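As the structure is a prediction and not an experimental result, all values here were calculated from the model.
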Amino acid sequence: QVQLAESGGGLVQPGGSLRLSCVASGISVTIYHMGWYRQAPGKQRELVAQITSSSTTNYADSVKDRFTISRDNAENTVHLQMNSLKPEDTAVYYCHAAYERTWQPPITYWGQGTQVAVSS
């Protein structure tokens with residue numbers, strides 16, 4: 001059984017910080033490509049940040065230099081540190097895992113999401 005459990009969301013003022021956590025069970029974050037997506041009301045789900053099994057990271061332009069994705073192998077957990085938050089960062093944030101396989105579609109998993117609200 002595989003589960004991705006997100007936590008750390010909440011309400012924060014503009015300019016504040018939050019740290020999201022994604023605890024994986026049933027898979028290892030060291031061999032899966034891990035990522036954070038977000039979806040705001042009326043908008044498409046977008047990739048915010050990803051970290052590969054080789055620790056390569058990528059970020060959406062809108063969050064670059066403000067957000068940092070990291071992996072804690074001992075805790076089998078992926079984090080998203082969010083600094084200098086803006087109202088437009090308000091969204092439900094989802095943890096995502098993907099494992100590529102030859103001659104087959106990748107295996108993917110989604111968390112249930114955690115709400116982030118940035119408002120005065």
Side-chain angles (χ1 to χ4, degrees):
Q1 295 181 351
V2 176
Q3 185 177 19
L4 303 177
E6 302 109 325
S7 63
L11 176 64
V12 66
Q13 293 183 334
S17 298
L18 285 173
R19 190 181 76 152
L20 306 183
S21 298
C22 173
V23 180
S25 58
I27 63 169
S28 173
V29 300
T30 64
I31 63 173
Y32 277 70
H33 300 157
M34 305 298 299
W36 288 95
Y37 289 73
R38 69 184 181 188
Q39 188 166 26
K43 295 185 177 180
Q44 297 184 45
R45 188 172 298 186
E46 64 173 343
L47 177 64
V48 176
Q50 65 177 182
I51 182 168
T52 70
S53 58
S54 60
S55 298
T56 299
T57 58
N58 294 285
Y59 299 92
D61 289 341
S62 59
V63 307
K64 203 172 185 66
D65 300 323
R66 297 189 297 119
F67 291 10
T68 303
I69 188 170
S70 62
R71 184 178 61 220
D72 187 332
N73 296 342
E75 298 295 327
N76 205 35
T77 300
V78 174
H79 301 284
L80 184 67
Q81 179 66 47
M82 304 185 295
N83 298 326
S84 302
L85 283 162
K86 304 175 180 179
E88 51 263 43
D89 295 319
T90 297
V92 177
Y93 285 71
Y94 298 90
C95 184
H96 179 259
Y99 180 75
E100 295 185 10
R101 303 182 298 171
T102 56
W103 300 101
Q104 293 178 296
I107 301 174
T108 62
Y109 300 99
W110 290 94
Q112 293 298 308
T114 184
Q115 177 72 58
V116 172
V118 185
S119 176
S120 299

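With V48 as the partner, the side chain to side chain contact (heavy atoms under 4.5 Å, CB included) test is satisfied by one option alone out of F67, Y37, Y59: F67. Under the side-chain hydrogen bond (donor to acceptor under 3.5 Å, both in side chains) test applied with Y93, the options Q115, R38, E6 reduce to a single match, R38.
L4 and W110 fall into different hydrophobic clusters, where Ile, Leu, Val, Met, Phe, Trp and Tyr side chains are chained together by heavy-atom contacts under 4.5 Å. Y109 and I69 end up in the same hydrophobic cluster when Ile, Leu, Val, Met, Phe, Trp and Tyr side chains are linked at under 4.5 Å. The hydrophobic clustering, which links ILVMFWY residues whose side-chain heavy atoms are closer than 4.5 Å, places V12 and L20 together. Hydrophobic clustering, with ILVMFWY side chains joined whenever heavy atoms are under 4.5 angstrom apart, groups V78 together with V2. Under a hydrophobic-cluster definition in which Ile, Leu, Val, Met, Phe, Trp and Tyr are linked whenever side-chain heavy atoms come within less than 4.5 Å, directly or via other members, M82 and L47 are assigned to different clusters.
Residue-environment remark: CD (Q104) exceeds the threshold of 12 foreign heavy atoms within 6.0 Å. In this structure, E88 places its CD atom where more than 12 heavy-atom neighbours from other residues, nucleotides or ligands lie under 6.0 Å away.
Under 3.5 Å, the side chains of N83 and S17 contain a donor-acceptor pair of N or O atoms. Using a 3.5 Å distance cut-off with no hydrogens or angles, the side chains of R71 and S55 do pair a donor with an acceptor. No side-chain N or O of S70 forms a donor-acceptor pair with one of H79 less than 3.5 Å apart.
Taking both residues in full, the closest heavy atoms of A40 and A91 are given as N-CB, 3.8 Å, listed atom of the first, atom of the second, then distance. Contact between S53 and T30 at its shortest, heavy atoms only, is CB-O, 3.3 Å. Here the closest non-hydrogen pair linking A97 and I27 is CB-CD1, 3.7 Å.
Inter-residue side-chain proximity for Q1 and S25 is flagged as unmet; no heavy-atom pair is nearer than 4.5 Å. Residues T57 and Q50 have side chains not in contact (no heavy-atom distance under 4.5 Å, counting atoms from C-beta outward). Residues C22 and W36 meet the side-chain proximity criterion, which asks for heavy atoms closer than 4.5 Å. Within the 4.5 Å cutoff, the side chain of H33 has heavy atoms near those of the E100 side chain. Taking 4.5 Å as the limit, some side-chain heavy atom of P14 sits within range of a side-chain heavy atom of P87. V118 has its side chain out of reach of K86: every pair of non-hydrogen atoms, C-beta onward, lies at least 4.5 Å apart.
The backbone N or O of G9 sits less than 3.5 Å from a side-chain atom of T114, completing a donor-acceptor pair. Judged purely by atom type and a 3.5 angstrom limit, N76 has no side-chain atom pairing as donor or acceptor with the backbone of V23. Between the side chain of T77 and the backbone N or O of E75 there is at least one donor-acceptor pair closer than 3.5 Å. Checking side-chain atoms of D89 against main-chain N and O of V116 turns up no donor-acceptor pair under 3.5 Å.
T52 OG1 to I31 CD1: the interatomic distance, rounded to the nearest 0.5 Å, is 13.0 Å. The line from CG of L80 to OG1 of T68 is 8.0 Å long, rounded to the nearest 0.5 Å.
The cationic group of R45 lies under 6.0 Å from the six-membered ring centre of Y94 and within 45° of the ring axis, placing it in a cation-pi geometry.
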